[in-house]
Amino acid sequence: MSHEVSTTYLKRLLGLLDDPSETVGTGAMAGLLQHEAELLPLLAELQEADNPLLRKRVHQLQAILTVRERRRRFLSLLQSRRVDLLEGMVEVHLLWFDNDSRPALFELFQSFLDVASNNRIKTIEDLGSFMLRSGFNVPPAGELTDPENYCIGTILEDRIGADIMLCVIALLVGAEAGLELGLVRVMGNFAVLNVAGVMICPTNDWAVDRASKLKNGDFWNDPAAILKYASLMLFLYAVGSDSFRYIHTIGHSLSGVDEQSGLDFLPYPYGGEKPSGEASPPETAADAGHDDPRQ
């Protein structure tokens with residue numbers, strides 16, 4: 001299909017977006033999403049249209065394209081030889097809070113770093129004291145898997161997060177202060193370690209441990225592994241709460257499966273074929289904006 005014919009075809013589909021029929025509108029959206037590159041500039045012309053139904057569907061399409069781009073960006077990060085840990089943590093946050101702003105999250109973290117830089121952090125002991133004074137704590141046992149505990153924006157605002165995320169924040173602060181640190185998991189808990197073997201652990205109120213049991217620990221030196229761990233925790237929560245929207249979004253981000261393809265490696269109803277005689281699951285209002293047409 002030539003560019004000229006493609007544009008004509010797309011404009012014909014765009015003309016159906018204000019059709020009151022949900023079937024016609026959804027079909028037009030699905031067709032438009034097959035042509036992302038050509039679609040974006042055309043949507044920009046319609047995002048402030050007078051017709052409220054047209055405007056709604058245009059905004060839905062733009063939201064779907066934004067989520068798709070974030071999926072590709074996150075997958076690219078995971079496959080990169082050099083992963084920027086902060087950028088990765090921001091992308092993990094956006095997998096769940098997809099309406100948040102990337103620049104705002106970076107600005108939030110920079111403001112936190114500015115505070116840290118005024119605290120004269122020279123050693124790992126100083127770092128532990130700063131994290132303790134800043135109020136960073138792990139959540140109660142019953143809330144460990146909540147998605148907010150793996151999203152850097154909410155952690156910086158609430159000062160509560162999973163131990164691995166708190167350690168990542170400490171690592172980033174330490175790196176800014178010129179400290180050489182690493183992430184280690186000891187007896188199921190994540191901790192920050194320096195080259196001398198001194199360790200601080202958020203589950204132990206950031207207290208200094210000079211006799212850490214490293215024979216039972218393993219080092220997490222690969223930033224991509226940290227990002228996969230955090231995003232998998234979000235995925236597990238999505239499955240546990242039957243959130244089709246997030247299962248679809250995070251599943252595609254982790255697997256690299258094309259947006260047009262289903263997650264066939266997952267059981268029905270999240271992927272795969274529907275067992276014969278079983279009714280389709282009801283669509284929820286929360287899922288409708290992103291799962292139909294499928295992102």
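The figures that follow rest on heavy atoms only: side chains count, while hydrogens, waters and symmetry mates do not. All values reported here derive from a predicted model rather than from experimental measurement.
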Identify the two heavy atoms, one from Ala116 and one from Ile121, that lie closest to each other, and give their separation to 0.1 Å. O-CD1, 3.9 Å
So, taking the atom named CH2 in Trp220 and the one named CG in Leu171, what distance separates them when rounded to the nearest 0.5 Å? 13.0 Å
Measuring only between side-chain heavy atoms, which start at C-beta, is Thr154 closer than 4.5 Å to Ile160? no
Return the CG to CD distance between Leu85 and Glu87, rounded to the nearest 0.5 Å. 10.5 Å
Tell me, with the steps shown, if Asp209 and Asn204 meet side chain to side chain contact (heavy atoms under 4.5 Å, CB included). CA-CA 9 Å; Asp209 183 353; Asn204 194 30; 5.6 Å; no
Please lay out, stage by stage, how Val208 and Ile124 fare under the test side chain to side chain contact (heavy atoms under 4.5 Å, CB included). CA-CA 8 Å; Val208 174; Ile124 192 171; 5.6 Å; no
For residues 125-146, pull every pair meeting salt bridge (charged side-chain N to carboxylate O under 4.0 Å, His left out), keeping only residues two or more places apart or in separate chains. Glu125-Arg210
Minimum heavy-atom separation for His93 and Gly153, please, with both atom names. ND1-N, 3.1 Å
Test ring pair (Phe, Tyr, Trp, His ring centres under 6.0 Å) applied to Phe106 - qualifying residues, sequence neighbours left out: none
Look only at the side chain of Asn118 and the backbone of Asp114, and say whether a donor-acceptor pair between them is shorter than 3.5 Å. yes
Trace of the side chain to side chain contact (heavy atoms under 4.5 Å, CB included) decision for Phe219 with Leu183: CA-CA 6 Å; Phe219 293 90; Leu183 179 66; over 6 Å; no
Decide whether Leu14 and Leu53 are clustered together by the hydrophobic rule: side chain heavy atoms of Ile, Leu, Val, Met, Phe, Trp, Tyr closer than 4.5 Å, transitively. no
Same hydrophobic cluster for Leu144 and Val168, using side-chain heavy-atom links shorter than 4.5 Å among ILVMFWY? no
Give me each pair satisfying salt bridge (charged side-chain N to carboxylate O under 4.0 Å, His left out) with a member in residues 147-165, each pair once, sequence neighbours excluded. none
Spatial distance of atom CH2 (Trp206) from atom CG (Asn137) [nearest 0.5 Å]: 9.0 Å
Nearest heavy atoms of Ser231 and Val92, plus distance in Å: N-CG1, 4.4 Å
Can you see which heavy atom on Leu32 is nearest to which on Leu10, and at what distance? CD2-O, 3.6 Å
What pairs of donor and acceptor atoms, side-chain ones from residues 189-199 against any protein atom, are under 3.5 angstrom apart with sequence neighbours left out?
| residue | atom | partner | partner atom | Å |
| --- | --- | --- | --- | --- |
| Asn194 | OD1 | Ala196 | N | 3.1 |
| Asn194 | OD1 | Gly197 | N | 3.1 |
| Asn194 | OD1 | Val198 | N | 2.8 |

Using side-chain heavy atoms (C-beta onward) and a distance below 4.5 Å, is Ile200 in contact with Leu127? yes
Are any side-chain N or O atoms of Asp19 and backbone N or O atoms of Ser21, one a donor and one an acceptor, separated by less than 3.5 Å? yes
Any Val173 side-chain heavy atom under 4.5 Å of Leu179 side chain: no
Taking only residues at least two apart or on different chains, which pairs with a member in residues 163-187 satisfy ring-ring contact (aromatic ring centres under 6.0 Å, His included)? none
Phe130: what forms a ring pair (Phe, Tyr, Trp, His ring centres under 6.0 Å) with it, not counting sequence neighbours? Phe112
Side chain to side chain, Arg57 and Gln60, heavy atoms closer than 4.5 Å: yes
Measuring from Leu234:CG to Tyr229:OH, what's the distance to the nearest 0.5 Å? 11.5 Å
Over all heavy atoms of both residues, which pair between Asn149 and Pro139 is shortest? Give the atoms and the distance, please. ND2-CG, 3.5 Å
Taking all non-hydrogen atoms of both residues, which atom of Ile152 and which atom of Leu86 are closest, and how far apart? CD1-CD1, 4.0 Å
Value rounded to 0.5 Å, distance of CZ in Phe109 from CD1 in Ile169: 6.5 Å
Quick one: are Tyr150 and Trp96 in side-chain contact, heavy atoms under 4.5 Å? no
To the closest 0.5 Å, what do you measure between CE (Met165) and CD1 (Ile155)? 4.0 Å
Show, in sequence, the C-alpha distance, side-chain angles and deciding distance for Leu65 and Leu39, and conclude whether the side chain to side chain contact (heavy atoms under 4.5 Å, CB included) test is met. CA-CA 9 Å; Leu65 294 178; Leu39 180 59; 4.0 Å; yes
Looking at side-chain heavy atoms only, is the closest gap between Glu91 and Leu94 below 4.5 Å? yes
